[in-house]
Amino acid sequence: MDATPAVDRPVTRDVDLTLYTSAFCEPCMQTRAVLAEAVRLVPGLRVTERDVARDPARAESDGIRSTPTVIVLGGDGAEVFRAEGVPTLNQVLVAAARAL
């Protein structure tokens, strides 16, 4: 008999991060590397990249003032983290945990 405790609901969910970028942005490349490492470490972490030149209305509605900017939303849709500039891996992992 399996002694593993049953869980009747998911204890985790996918976490979405949005990365706003622009062409020729050196810090954007560094941010991509940080986020790639976070995705490698945390199953269920997903990154959506948006180019501010291709989607200026969305960037404006999200209050993007510079690139790179990373936004993490909680399960209720409220922003739990915003980094303008290159975030540390630690910041991203803590933000993902807060989003759960």
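Positions are given from 1, in the same order as the sequence printed here.
- Within the 3.5 Å criterion, the main-chain N or O of Gln91 finds a donor-acceptor partner in the side chain of Thr88.
- Checking each of Val92, Val39, Val70, Asp16 against Val47 for a side chain to side chain contact (heavy atoms under 4.5 Å, CB included) leaves exactly one that passes, namely Val39.
- By the side-chain hydrogen bond (donor to acceptor under 3.5 Å, both in side chains) test, Arg54 pairs with no residue at all, sequence neighbours left out.
- Between the CD atom in Glu84 and the OH atom in Tyr20 there is a gap of 12.5 Å [rounded to 0.5 Å].
- When all heavy atoms of Ser22 and Cys25 are compared, the closest pair comes out as O-CB, 3.2 Å.
- For the pair Leu17/Thr48, no side-chain contact is recorded, criterion being any heavy-atom separation below 4.5 Å from C-beta on.
- In this view, Glu49 and Thr21, Arg32 satisfy the side-chain hydrogen bond (donor to acceptor under 3.5 Å, both in side chains) rule, not counting sequence neighbours.
- Listed for the Asp62 side chain is no donor-acceptor partner under 3.5 Å among the backbone atoms of Ile64.
- When all heavy atoms of Asp51 and Ala23 are compared, the closest pair comes out as OD2-N, 4.2 Å.
- For the pairing with Val80, the side chain to side chain contact (heavy atoms under 4.5 Å, CB included) check across Val15, Val72, Val94, Ile71 returns one residue only, Val72.
- In this structure, OG1 on Thr18 lies 10.0 Å from CZ on Arg82, to the nearest 0.5 angstrom.
- Interatomic distance, Glu60 CD to Arg65 CZ, rounded to the nearest 0.5 Å: 13.0 Å.
- When hydrophobic clusters are built by joining Ile, Leu, Val, Met, Phe, Trp and Tyr residues whose side-chain heavy atoms come closer than 4.5 Å, directly or via intermediates, Leu100 is grouped together with Leu45.
- A pairwise comparison of heavy atoms in Val52 and Ala59 identifies CG1-CB, 3.9 Å as the closest pair.
- Atom CG of Leu73 and atom CD of Glu79 lie 6.5 Å apart (nearest 0.5 Å).
- With contacts defined as side-chain heavy-atom distances shorter than 4.5 Å, the pair Leu19/Pro68 qualifies.
- Not counting sequence neighbours, the partners of Leu89 by the side-chain contact (heavy atoms from CB on, under 4.5 Å) test are Val34, Glu37, Ala38, Leu41, Leu93.
- Between Thr67 atom OG1 and Arg50 atom CZ the span is 15.0 Å, to the nearest 0.5 Å.
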